[in-house]
Asks: 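Take a look at this one; I'll ask things after.
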Amino acid sequence: MTEKLIPTTVVGSYPQPDWLVDRAMLKAHIVPRVRLTAMWRIGEEFLEQAQDDATLLAIRDMERAGIDIVSDGEMRRESYSNRFATALEGIDVDNPGKVRMPSGAERAVPRVTSRIRWSGPVEVRDMEFLRCNTARQTKITLPGPFTMAQQAQNDFYRDPDEMVMDFAVALNAEAHQLQAAGADVIQLDDPWLRSNPDAAKRIAVKAINRALEGLTVTTAVHLCFGYAAVVNEKPTGYSFLPQLADSTAQQISIEAAQPKLDLGVLAELSAKTIILGVIDLGDQRVETPDEVASRLRGALGYVPAERLIAAPDCGMKYLTRDIAFGKLRALVEGASVLRRELS
């Protein structure tokens, strides 16, 4: 990892260009769990080339902003989870399941009809492309095993925990391929840990450890309260967080800016490096560097600067590109302010 004090990174996503995706459709189908191919504005013949071009834009924006550990912006994804989840054996992509939302509307979800198995690389080309197009440290994300299980309709497993573990085994196979492709950081996005904390306490850490088994690169787990584009009011504490101290992940990534998180909870993760969300994506205003530095400074009572990484909250893809870039610049400048204070 970078030896800079308080390095900067992104959670994963970055705004996809309007020429690549129908952003109105994207916002109407926030975080689709099954494929949403209709959102792509480019035909299948040229889609991969267009996604590559968009990825280069995302990488260059992160580099221009000064981000130390960059991602590919998840330009090829409709959501953080659906591309990987629906590529696994055992998911019936032609006949999805349905769940009824609190609003009464039905939502399509992956339907598990046989044993979950990894059948081949899903994100490896993404990682190879990223590695070939930046000299900076790189991060790539995968949906977490608990989250994928919670988002699916189980029509096969008698024991739901067995399904979680099979998702973990599939993730492990993919993660080893991503490591070989040059990833410096592999992050599991597992936000549903806080949605069903009782089940998470039973199986989540075991599944995370299985998903990360045997990896030698830096590993991280991210959790949050939902995208700012969807969730306006957020709690100030996580129902599942201290338990991650027992995971093998070296880094824990949490959003803290929009929910105004009580940072005292970080004391329970004393052995971990903390990726701290200090950019509020629910606010269209670009923060000042001093605001960012103040949010980071608040963590230093619980986390030494040597184990603190600055990041935005998650869900940058729903911002406009100019606002997203401005917020990344503020992140870099704010971390620099605090770095100078500590030097």
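Note that the structure is a prediction, hence the values are computed from the model and not measured. Starting from 1, each residue takes its place in the sequence as its number.
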Asks: Would a distance-only check, ignoring hydrogens and angles, find a side-chain to backbone donor-acceptor pair under 3.5 Å from Gln16 to Arg77?
Replies: yes
Asks: Using 4.0 Å as the upper bound for N to carboxylate O, is an ion pair formed by Arg297 and Glu341?
Replies: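 Yes.
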Asks: Regarding Arg64 and the six-membered ring of Phe325, is the cationic atom NZ or CZ under 6.0 Å from the ring centre and inside 45° of its axis?
Replies: yes
Asks: Roughly how far apart are Glu333 CD and Asp290 CG, rounded to 0.5 Å?
Replies: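 So the gap between those two atoms works out to 10.0 Å.
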Asks: Taking 4.0 angstrom as the limit, do Arg329 and Glu287 come out as a salt bridge?
Replies: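 So Arg329 does not pair with Glu287 through a salt bridge.
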Asks: Step by step, would you call Arg340 with Ser336 a side chain to side chain donor-acceptor pair (under 3.5 Å)?
Replies: CA-CA 6 Å; Arg340 288 194 297 270; Ser336 181; 2.9 Å; yes
Asks: Hey, does Leu331 have a side-chain heavy atom less than 4.5 Å from the side chain of Pro312?
Replies: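 In contact.
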Asks: Mind checking the CG-CG spacing from Leu263 to Leu300? Nearest 0.5 Å is all I need.
Replies: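 That separation rounds to 10.0 Å.
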Asks: Report yes or no: is the cationic atom of Arg76 (NZ for Lys, CZ for Arg) closer than 6.0 Å to the six-membered ring centre of Phe129, at no more than 45° off its axis?
Replies: yes
Asks: Which distance, rounded to the nearest 0.5 Å, do you find between the CD1 of Ile116 and the CD1 of Ile91?
Replies: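 If I round to the nearest 0.5 Å, the distance is 3.5 Å.
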Asks: Give me the atom names and distance for the closest heavy-atom approach of Ile279 to Arg295.
Replies: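 Closest approach of Ile279 to Arg295, heavy atoms only: CA-NH1, 4.0 Å.
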Asks: Can you tell me how far NZ of Lys327 sits from CG of Asp280, rounded to the nearest 0.5 angstrom?
Replies: 6.0 Å
Asks: Given side-chain contact (heavy atoms from CB on, under 4.5 Å), test Asn196 with Phe240 step by step and report yes or no.
Replies: CA-CA 9 Å; Asn196 191 345; Phe240 187 96; over 6 Å; no
Asks: If only atom types and distance count, is the side chain of Gln151 paired as donor or acceptor with the main-chain N or O of Met148 below 3.5 Å?
Replies: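 The answer is no, because no donor-acceptor pair under 3.5 Å joins these two groups.
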Asks: With a 4.0 Å cut-off on N to O distance, would you call Glu78 and Arg83 a salt bridge?
Replies: no
Asks: Between Arg60 and Glu63, is there a side-chain N and carboxylate O pair less than 4.0 Å apart?
Replies: yes
Asks: Do the side chains of Lys4 and Asp68 get close enough for a salt bridge, i.e. N-O under 4.0 angstrom?
Replies: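 Yes, charged N to carboxylate O under 4.0 Å.
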Asks: Take His222 and Ile254 through the test side-chain contact (heavy atoms from CB on, under 4.5 Å) and record every step on the way to the result.
Replies: CA-CA 6 Å; His222 170 75; Ile254 56 174; over 6 Å; no
Asks: Applying salt bridge (charged side-chain N to carboxylate O under 4.0 Å, His left out), run through Arg111 and Asp94 and close with a yes or a no.
Replies: CA-CA 9 Å; Arg111 188 165 71 94; Asp94 297 318; over 6 Å; no
Asks: Could you give me the CA-CA distance, side-chain angles and deciding distance for Leu193 and Leu244, then say whether side-chain contact (heavy atoms from CB on, under 4.5 Å) is met?
Replies: CA-CA 10 Å; Leu193 294 172; Leu244 292 176; 4.3 Å; yes
Asks: Is any side-chain N of the basic residue among Asp184 and Arg136 closer than 4.0 Å to the acidic one's carboxylate O?
Replies: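 Salt bridge flag = no for Arg136 with Asp184.
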Asks: Are Arg117 and Asp166 close enough for a salt bridge, meaning some N to O gap below 4.0 Å?
Replies: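 Salt bridge absent between Arg117 and Asp166.
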Asks: With side chains defined as the heavy atoms from C-beta onward, is the minimum distance between Pro145 and Arg210 less than 4.5 Å?
Replies: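 No, side chains not in contact.
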Asks: To the nearest 0.5 Å, tell me how far Leu212 CG sits from Leu142 CG.
Replies: 9.5 Å
